[in-house]
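Structure first, commentary second.
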Amino acid sequence: MRDYHCLKKQKTTFFSSSLIPTPLSPIPSILFFLKPFSSNPNPNPNPNPIAIPKAKPNLSVFFSKCIDKSSVYSWNSAIADLSRNGDFLESILAFSSMRKHSIKPNRSSFPCAIKACGALSDACFGKQLHLQVLVTGFEPDIFVSSSLVDMYAKCGELGDARKLFDGIPCRNVVSWTSMMTGYVQNGAAREAVLLFKELLAEESRRGGECLVDDVAIVSVLSACSRVLEKWVTRGVHGFLVKRGFEGELGVGNTLMDAYAKCGDLVVARKVFDGMDYKDVVTWNSMIALYAQNGLSAEALGMFSLMLKDRDVMCNAVTLSAVLLACAHSGALQLGKCIHVQVIKMLLEENVFVGTSVIDMYCKCGRVGMARKAFNRMKGKNIKSWTAMIAGYGMHGQAREALEVFDEMQSAGVKPNYITFVSVLAACSHAGLVTEGWQWFNAMAIEFNIVPGVEHYGCMVDLLGRAGHLNEAYDLIKQMKVKPDFVVWGALLGACRIHKNVEIGEISARKLFELDPKNCGYYVLLSNIYADAGRWNDVDKLRVMMKKRGLVKPPGYSLVEFKGQIHVFLVGDKEHPQQKKIYEYLETLSVKMQEAGYVPDTTSVLHDVDQEEKETVLRIHSEKLAVAFGIMNTVQGTTIQIIKNLRVCGDCHTAIKFISKIVSRQIVVRDSNRFHHFKDGLCSCGDYW
DNA sequence: CTAGGGTTAG
């Protein structure tokens with residue numbers, strides 16, 4: 001039974017049948033090269049360059065000469081086979097070709113041709129076909145009308161789709177499913193769920209006649225995964241168990257996804273574990289869900305289990321999800337191995353995978369490698385460009401980011417909402433106030449994109465850190481959307497840098513409301529008070545934190561070494577090498593102080609005496625990780641560290657000294673951006 | 001000779 005879906009979805013053999021005439025034809029070799037890509041389920045965004053579009057129409061014209069031109073059945077199978085093989089344009093061309101031969105289409109001629117229009121989002125030709133349907137009188141046909149509903153929905157014409165749907169006298173499962181999926185794919189998941197309820201009402205009206213099948217369930221579950229309310233998913237889950245759809249592969253796959261998207265990864269995992277038959281989608285979904293939720297270790301663990309399962313092969317989707325896990329955890333070595341796998345599987349030109357590779361290299365500290373992969377990509381789309389811009393931004397290379405942004409526009413790719421977030425973030429990391437304002441203003445006027453909360457967040461950060469605190473505050477006051485914790489957090493952070501108590505208090509008060517469990521804001525405000533010498537207020541804050549049961553989350557740093565991720569906590573004593581690490585840090589400390597390093601203790605609570613403070617500082621996780629990195633890697637290689645919080649001011653200074661003393665390059669990714677330390681300097685120019 | 005579904009990137 002496990003192959004049920006394969007059988008159901010098996011492609012027909014239009015091309016490999018006797019219709020391919022001569023061995024000299026170039027087509028078989030194209031088919032040969034196409035084979036590795038045939039598992040790629042997403043042919044649209046990145047058309048395989050080998051399949052030259054210009055050649056295709058000739059293909060179908062050619063085939064049309066080979067078939068019995070006088071038989072409508074031959075035309076129908078040509079249209080259907082082309083459509084099923086994903087050659088939608090040819091399918092449509094075959095239909096027009098048939099009309100040119102004055103063959104009258106019958107009811108079976110339409111559905112596949114209409115579907116092809118939907119697949120290409122070609123509403124224009126779709127409407128022409130609809131007209132022909134009306135002229136030939138096939139509109140009452142359930143196959144024809146259902147495919148029209150699907151086509152209009154896929155072209156984004158939801159209203160027309162619904163009008164047609166409502167006009168179908170005796171709707172079947174397929175009509176209902178087409179309409180539900182139409183809603184889901186147009187961002188109206190809630191309507192899809194409501195339609196499902198209507199469907200159930202219709203069922204009972206018809207005296208219990210079954211109108212639901214596994215595809216309908218999959219459709220409603222995919223709506224659930226976007227509605228984000230667990231009780232809806234639970235309800236559908238109960239229903240599908242009652243109707244006996246639990247064992248269906250596709251149903252299980254979607255159910256997992258729905259639960260996870262509603263926030264319950266544990267139940268999603270239970271569904272996964274309970275599935276007797278798992279296909280590549282099952283595995284991919286579980287890996288992706290873990291990766292998307294930041295559970296990189298679980299995602300990578302799943303991946304290795306998948307590799308052990310001899311019944312499935314990983315594909316583009318798998319690698320894309322695994323690369324995301326690498327990016328999050330900063331696992332550069334593993335990420336490189338996956339990249340090699342990508343190349344071996346000839347997936348380098350797949351936009352999804354290519355963009356994942358770029359993102360992985362950026363987030364693992366290697367913008368240069370990201371750029372190389374980026375340059376090799378052929379079918380760049382908006383996400384690929386944006387990934388590269390964001391990548392340069394997080395490394396503080398705003399000029400490069402803006403250059404890529406420029407190139408993108410020259411290439412005729414329109415920037416979107418997220419592109420501008422990346423551009424403004426790049427400006428804020430580098431303190432480019434003029435450019436920031438320029439693009440912030442341009443996005444609304446020239447690009448018709450209303451600035452959202454993320455854009456304001458970047459601008460407040462940019463202005464605030466540049467010292468324009470009042471300007472930043474005024475910008476918040478002008479916002480039409482409600483400022484979130486990122487916006488106020490940026491302002492508070494800027495107040496800490498520029499020692500502004502007044503605006504700092506305003507921001508902190510907002511933050512205590514918006515994000516009451518985060519004690520980072522208490523600490524920041526407390527630092528502002530401490531700088532101003534207002535110790536009473538510092539104490540008040542401490543009492544408040546205690547009363548609210550807030551504990552500072554422990555800082556930790558990660559280092560990848562020999563394929564393993566080593567975790568260091570603040571003041572860690574658990575690591576097998578801890579004695580050596582502390583000894584090494586001791587000798588480093590002496591050399592650093594000889595070189596002029598003065599421990600900065602301002603970020604430590606004020607009532608600890610000086611000596612104690614220095615000890616506390618010395619064991620910040622990033623310092624432990626740096627020491628471990630130096631001790632275990634060879635001279636000349638880059639040491640790479642990932643920290644969960646922002647790097648502290650003292651550690652930043654210390655690592656600058658260390659990079660010079662041991663002549664090593666040290667890359668630190670903190671929660672905000674990258675710092676590249678070299679020769680006693682940091683790439684952020686101490687601006688962060 | 002005919003229609004609907006599940007996993008991936010910024």
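Naming convention: chains lettered A, B, ... in sequence-line order (proteins, then strands); numbering from 1 in each chain. Values in this document were obtained by computation on a predicted structure and should not be read as measured data. Just the heavy atoms: all of them, side chains too, but no hydrogens, waters or symmetry mates, feed the values below.
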task: Indicate, with a heavy-atom threshold strictly under 4.0 Å, whether Ile217(A) touches base, sugar-phosphate, or nothing.
output: nothing
Measuring to OP1 and OP2 of dG4(B), would you say a side-chain N or O of Gln185(A) lies under 4.0 angstrom away? no
Check your understanding: Do Glu209(A) and Arg171(A) meet the salt-bridge criterion of a basic N to acidic O distance under 4.0 Å?
Key -> no
Q. Does Phe165(A) have its ring centroid less than 6.0 Å away from the ring centroid of Tyr183(A)?
A. no
With the side chain defined as heavy atoms from C-beta on, Val215(A) is closest, among dT2(B), dG5(B), dT7(B), to dG5(B)
Side-chain atoms of Cys112(A) come closest, of dT7(B), dG4(B), dT2(B), to dT2(B)
Students often get this wrong, so: under 4.0 angstrom with heavy atoms, is Ser422(A) touching a base, only sugar-phosphate, or nothing? nothing
Note to self: Strictly below 4.0 Å, N to O, side chains only: are Lys372(A) and Glu348(A) in salt-bridge contact?
What the structure shows: no
Taking dG10(B), dA9(B), dT2(B) as options, the one with an atom nearest any side-chain atom of Ala390(A) is dG10(B)
Does a nitrogen or oxygen in the side chain of Gln292(A) sit under 4.0 Å from OP1 or OP2 of dT8(B)? yes
Side-chain atoms of Thr177(A) come closest, of dT2(B), dA9(B), dG4(B), to dG4(B)
inquiry  = What contact category does Ala216(A) fall into here, base, sugar-phosphate, or nothing, at under 4.0 angstrom with non-hydrogen atoms?
reply    = base
To the nearest angstrom, the CE-P distance between Met313(A) and dT8(B) comes to 21 Å
**Q.** Asp309(A)/Lys278(A) ion pair, N-O < 4.0 Å
**A.** no
Which of dG10(B), dT7(B), dA3(B) is nearest the side chain of Asp257(A)? It is dT7(B)
Winner on side-chain proximity to Asn416(A), out of dA3(B), dG5(B), dG10(B), is dG10(B)
Side-chain contact check for Lys115(A): nearest option of dT2(B), dG4(B), dT7(B) is dG4(B)
